[in-house]
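Owing to the predicted nature of the structure, the values given are computational and were not obtained by experimental measurement. Throughout, protein chains are lettered first and strands after them, A, B, ... in sequence-line order, and every chain is numbered starting at 1.
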Amino acid sequence: MNRQKSSGRFRFAGAAALLSGLFFLVPALREGNATLYLLAAAVPCVLVLGCTLLARVFSLDRMITALSLYLCACGMAVLGPDAPEEALAQGMRCCAGLLALVMGGVLARAMVPSLLAASCAGFLGLLALAAPLFSPGLDLPLAEAGLVLVLLSMAAFLNRGSLPALMPAAGALELLLIQRQSALAILWGLVLILIFYAADGRLVIVLPVTAAVMLSLGGVLGFVPGSLPAPDPSSLEALASAGLAGVESLPPELAVSGASLFPPLAGHYGLIFAGLTGLLYLPLALRGAFIASAARTRFHALLAMGVSLMLGLKTLLALLTLFGALPLEDTVLPLLTDSLPSLCAWMFLLGLQCGISGRNEADLAEDAHLAMLEK
Amino acid sequence: MKQMRSRFRFLTLLLVCGFLLALVLCAGNLLKTAGISLPRLPSAAVSPSPLPAGESAEPAPPAPEGTLSPSSPLTEDPAMETVSPGTDNLTQTEYNLFGL
């Protein structure tokens with residue numbers, strides 16, 4: 001069974017490497033650009049090495065590693081045809097993200113959910129979220145990094161009880177609402193409710209938390225003017241103009257703007273490919289949920305589930321906003337972004353899941369060893 | 001832990017349902033924007049922007065000044081084009097999803 005599973009993952013890694021090589025090889029043959037040839041060689045190599053050697057050395061989950069590296073390669077492929085140097089710069093960002101993935105894996109295995117660790121993570125997370133309030137000129141998007149730390153703190157506090165976890169969680173929600181980051185606030189509110197339900201299914205805990213979150217979100221977003229932007233049909237019209245197979249030259253409305261790489265991905269490769277890429281987030285989230293179910297400790301289970309919920313809900317909110325179903329301003333999918341802090345934050349989160357998966361496998365191996373010794 | 005795992009399974013199911021719902025919503029919005037309606041799909045492949053039933057393809061005769069004929073949404077005033085949401089795909093750029 002293990003051999004079948006690992007051969008399936010290797011097949012996916014191989015297919016992903018082949019596809020990511022073709023992303024750059026085809027335009028390289030057409031234009032003869034040296035940077036594109038370099039990317040056509042380097043990207044599949046990094047993908048295969050990451051899924052095999054790196055995953056083995058640091059005990060990372062191969063499926064999560066393969067999927068996240070493939071999504072990073074898609075982000076680079078968006079920039080490749082029009083701006084090969086920008087694609088190379090995106091490659092450097094993805095390498096930094098890979099480092100963050102490894103760090104997340106190592107931290108997940110080494111971290112002990114003590115009160116001190118929980119308090120420090122919570123404090124640093126709230127500090128990162130509050131940074132734009134203290135220095136308005138700070139242009140660094142630290143919100144996602146802050147949420148990562150608050151999630152770590154929440155999982156560590158929930159290990160001991162539900163009430164202490166409310167403090168960093170509620171603080172993060174209020175800070176996001178004060179800064180009018182409505183999309184992230186809605187995401188965090190939903191994650192809060194679902195994580196508290198997962199950790200402590202009692203109605204006496206879940207109902208007040210749900211009511212408090214709904215009141216905060218409804219109160220600020222409903223009554224403060226300008227909190228929710230008006231629905232903008234232009235992104236949907238731009239995506240519709242991409243067609244099923246993409247366009248030869250990218251129109252201005254599909255160009256890279258903000259940090260979202262999904263519209264230009266649809267523009268270059270078509271709506272079918274973009275839709276399939278969006279659907280890849282589902283197995284990524286499901287794999288994290290599986291890892292959460294297999295975890296031995298409450299802390300690791302809640303952390304893995306929290307990461308899955310954040311990833312899944314963020315993808316859903318971004319896709320619904322892009323296709324005009326929600327009036328939010330954030331259209332950035334996780335990993336399909338050219339913002340370095342955001343990319344590193346998401347890779348770090350996925351690294352935490354990889355580390356928890358490695359820990360699960362180590363526990364299973366220990367169980368098998370003990371069972372063999374007893375015989 | 002057992003109860004927590006069963007709650008995890010429920011949340012996983014919620015996520016899957018959310019993705020499926022999002023797929024349906026996004027596909028529906030996209031088809032609506034492209035002016036394609038599923039019951040009329042075979043004819044939509046030929047003319048991607050179908051006109052409402054009963055309407056001719058010729059422009060309606062110019063309406064008197066100051067009046068707008070509610071039954072002829074294709075009437076255009078060159079001096080002042082007002083585009084209401086959802087109907088501009090009937091008069092302006094046709095989004096050719098199929099690349100034809």
Would you mind writing out the side-chain donor-acceptor pairs for residues 303-310 of chain A within the sub-3.5 Å range, not counting sequence neighbours?
| unit_1 | atom_1 | unit_2 | atom_2 | d |
| --- | --- | --- | --- | --- |
| Ser308(A) | OG | Ala285(A) | O | 2.9 |
| Ser308(A) | OG | Ala289(A) | N | 3.0 |
| Ser308(A) | OG | Gln353(A) | NE2 | 3.1 |

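Only the side chain of Thr315(A) comes within less than 4.5 Å of a heavy atom of chain B; its backbone N, CA, C and O stay farther away. The contact between Ala301(A) and chain B is made by backbone and side chain atoms together, counting heavy-atom distances below 4.5 Å. For Leu322(A), no part lies near chain B; criterion is any non-hydrogen pair under 4.5 Å.
Summarising the geometry of Phe8(B) relative to Ala198(A), their closest heavy-atom pair is CE2-CB, 3.5 Å, with the distance given to 0.1 Å. Nearest heavy atoms, Leu316(A) versus Phe19(B): CD2-CA, 3.7 Å.
For the salt bridge (charged side-chain N to carboxylate O under 4.0 Å, His left out) condition, the pairs that include at least one residue of residues 192-210 of chain A, sequence neighbours left out, are Asp200(A)-Arg202(A).
The CG atom of Leu320(A) lies 9.0 Å from the CG atom of Asn29(B); values are rounded to the nearest 0.5 Å.
The greatest number of non-hydrogen atom pairs below 4.5 Å with chain B, out of Leu302(A), Leu319(A), Leu313(A), is found for Leu302(A). Note: Thr12(B) leads Leu23(B), Thr12(B), Leu21(B) in heavy-atom pairs under 4.5 Å with chain A.
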